[in-house]
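Data first, discussion second: the structure below is written as structure tokens.
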There are 2 protein chains.
Amino acid sequence: MSAKTDKMVTVPKAVINRLPMYHRFLYQLLLEGKEKISSQELSQLMRITSSQLRQDLSYFGEFGQQGYGYRVETLYQAISGILGLEKQYTAVIVGAGNIGRAIVNYPGFSRRGLKITGIFDNNPKNIGSQVGNLTVMDVEHLADFLKKYPVQIGIVSTPVQAAQKVAYILMKSGVRGIWNFAPIMLEKNGDVVVEDIHLGDSLLTLFYRLNEKEGKN
Amino acid sequence: MSAKTDKMVTVPKAVINRLPMYHRFLYQLLLEGKEKISSQELSQLMRITSSQLRQDLSYFGEFGQQGYGYRVETLYQAISGILGLEKQYTAVIVGAGNIGRAIVNYPGFSRRGLKITGIFDNNPKNIGSQVGNLTVMDVEHLADFLKKYPVQIGIVSTPVQAAQKVAYILMKSGVRGIWNFAPIMLEKNGDVVVEDIHLGDSLLTLFYRLNEKEGKN
DNA sequence: TAATATTCGTGATAAAATTCACTTATAGAA
DNA sequence: TTCTATAAGTGAATTTTATCACGAATATTA
Ligand SMILES: NC(=O)c1ccc[n+]([C@@H]2O[C@H](COP(=O)([O-])OP(=O)(O)OC[C@H]3O[C@@H](n4cnc5c(N)ncnc54)[C@H](O)[C@@H]3O)[C@@H](O)[C@H]2O)c1
Ligand SMILES: NC(=O)c1ccc[n+]([C@@H]2O[C@H](COP(=O)([O-])OP(=O)(O)OC[C@H]3O[C@@H](n4cnc5c(N)ncnc54)[C@H](O)[C@@H]3O)[C@@H](O)[C@H]2O)c1
């Protein structure tokens, strides 16, 4: 074990945000059948510095071997473990619109251990319809459903106007995390973890960067 | 004008990434009819410090008034201008699947000046079908289409296996920015701006944070 | 087996980002 | 009109993040 983990140094946020990227690249390397890789080589693929890669990993332990590098398989497993991917996570989706459907239909999430157990909507047109192998339920039954079948994660993909209300129901019903797609900063209720996806913000950042470049020419 | 902009200090990345959040909150305040706001009050809504807010804005100019605060309208317009939202942006989407359709159908983007002029796919089942008021075209015609009707932005929402190939076509055809939804680090070709949305990474971050909390109890 | 080249892990240093704390301006009250 | 409270803007200090650079371990070659 590394000195750093022994000393209980808190892991910087910036490091945590890079863990999924490491996981993604290692998964790719694994698919390609690559057995070993050095911090030098891996960091070049990721367009970061090798020292950043080594420093980041050092927060969690020692996974490589001097003079050799890292075994791709070992490092992949280690990072999977750090991220908690050996566990299964259960979730419900609220909002069976475009985003809600996209999530259900995306196979990548179940591969990573996410099991979606229910999808809810308030529109009679959607209620009862099939999304993947789930039947859309009435959001009126959300709290009851969660009482019977608790889940860890609530996915909010309703329009922004409904998002806070829905989030409160989820939090009251005991979800521990919310994955939020609505462009709103959700008020918390208890110690739930909220992870936001703000697609609009990402687009505006792209706009800014396009103009920035223009200005320099 | 602020001293900082005069001196041509480069704007930190972290600041740029917060601009869309400012825009989002100010838009909300505008809808609510709020006329003025102090850095104190606005920063509390955003859960940042007031000095960070003031420091961030100072990279672009002086938008407030001492002893008074900021006019919501003025600041909103200023940030819209910084982000380049007065302009129209044209884009094509490649990959008429769940994400591609979600983007076309989302009204928030056209409100921000994004005009989607074409959507492409390689699956005969999708080609010719209607998405919003666009007809899905064959990706074989993508390069020709862009020669006739150039756009600034290419949106990549194909499966990861096709993403790089599609991105090269877009870049060759002169797009200046790529908004990428595939879980891959795209190789660039020229000085195109690539903005990634890695939904999977966000989910893994949520997983990590859920476990982190558990460990502390 | 010995010599040499790799490459990790990490303490130290540098850079970037955030917060502090103070000056100045001005709004609003007396 | 004067006084007081508010609040922006900003240089400086602090904190956080990233990079450097080197010692120690190991692989590989001669
Ligand atoms: N689609 C995009 O590209 C995009 C981009 C940026 C942000 N978003 C955000 O993601 C969220 C979902 O977007 P979308 O495109 O899937 O929207 P959508 O309109 O396709 O789907 C929203 C669904 O939520 C349902 N709904 C409304 N009120 C509800 C309630 N109270 N309880 C349960 N269900 C309810 C609607 O019936 C609808 O089916 C929105 O908040 C949107 O702002 C989407
Ligand atoms: N849906 C999600 O929740 C989600 C989550 C994480 C990542 N993503 C990523 O977003 C991207 C899009 O996801 P999606 O769910 O919309 O996938 P999807 O399978 O629904 O849609 C992909 C579309 O691309 C088309 N396509 C395939 N090859 C093509 C090519 N060469 N040229 C043009 N079109 C082509 C397919 O026919 C399909 O219509 C994928 O890269 C996926 O990994 C999606």
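To find a chain, count down the sequence lines: A is the first, B the second, and so on, and within it residues start at 1. Bear in mind that the values here come from a model prediction, so they are computed numbers and not experimental data.
One interatomic measurement links the two molecules: CG of Asp56(A) to P of dT16(D), which rounds to 17 Å at whole-angstrom precision. Atom NZ in Lys13(A) sits roughly 15 Å away from atom P in dT15(D) (whole-Å rounding). Gln66(A) has its CD atom 14 Å from the P atom of dT28(D), to the nearest Å. Nucleotide dT7(C) holds its P atom 9 Å from the CD atom of Glu41(A), rounded to whole Å. Rounding to whole angstrom units, CG of residue Leu75(B) and C1' of dA8(D) are separated by 12 Å. Put simply, CD on Glu62(B) is 14 Å from C1' on dT26(C), counting in whole angstrom units. Counting to the nearest Å, the C1' atom of dT28(D) and the NZ atom of Lys36(A) are 10 Å from each other. At whole-Å resolution of the value, CD in Gln44(B) and P in dA7(D) are 11 Å apart.
For the pair Gly67(A) and Ile48(A), both in contact range of DNA chain D, the more 5′-proximal nearest nucleotide belongs to Ile48(A).
The side chain of Tyr70(B) places an N or O atom within less than 4.0 Å of a non-bridging phosphate oxygen (OP1 or OP2) of dG9(D). In terms of phosphate contacts, Tyr59(B) brings no side-chain nitrogen or oxygen within less than 4.0 Å of OP1 or OP2 of dA16(C). Residue Gln65(B) places at least one side-chain N or O closer than 4.0 Å to OP1 or OP2 of dA27(C). Contact annotation: Ser58(B) side-chain N/O to dG9(D) OP1/OP2 distance is not under 4.0 Å. The side chain of Gln52(B) contributes an N or O atom lying less than 4.0 Å from OP1 or OP2 of dT18(C). Between Arg18(B) and dA17(C) there is no side-chain N or O to OP1 or OP2 distance below 4.0 Å. Checking the phosphate oxygens (OP1, OP2) of dT7(C), no side-chain nitrogen or oxygen of Ser39(A) falls inside 4.0 Å.
Across all strands, Ser38(B) comes closer than 4.0 Å only to sugar-phosphate atoms, never to a base (heavy-atom distances). Nucleic acid contact class of Ser51(B) (heavy atoms, under 4.0 Å, all strands): base.
Both tests hold for Arg111(B) against Tyr27(B): distance to the six-membered ring centre under 6.0 Å, angle to the ring axis within 45°. With a 6.0 Å cutoff to the six-membered ring centre and a 45° limit on the axis angle, Lys115(B) does not count as a cation-pi contact of Tyr89(B).
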Glu73(B)/Lys36(B) under salt bridge (charged side-chain N to carboxylate O under 4.0 Å, His left out): CA gap, chis, key distance, verdict: CA-CA 8 Å; Glu73(B) 169 78 30; Lys36(B) 64 157 255 185; over 6 Å; no
Salt bridge (charged side-chain N to carboxylate O under 4.0 Å, His left out) assessment of Glu41(B) paired with Lys34(B): CA-CA 12 Å; Glu41(B) 193 183 352; Lys34(B) 187 140 179 123; 2.7 Å; yes
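Atom NE2 in His198(B) sits 11.0 Å away from atom CD1 in Ile197(A) (nearest 0.5 Å).
Checking dT17(D), dA7(D), dT10(C) against every side-chain atom of Gln55(A), the shortest atom distance belongs to dT10(C).
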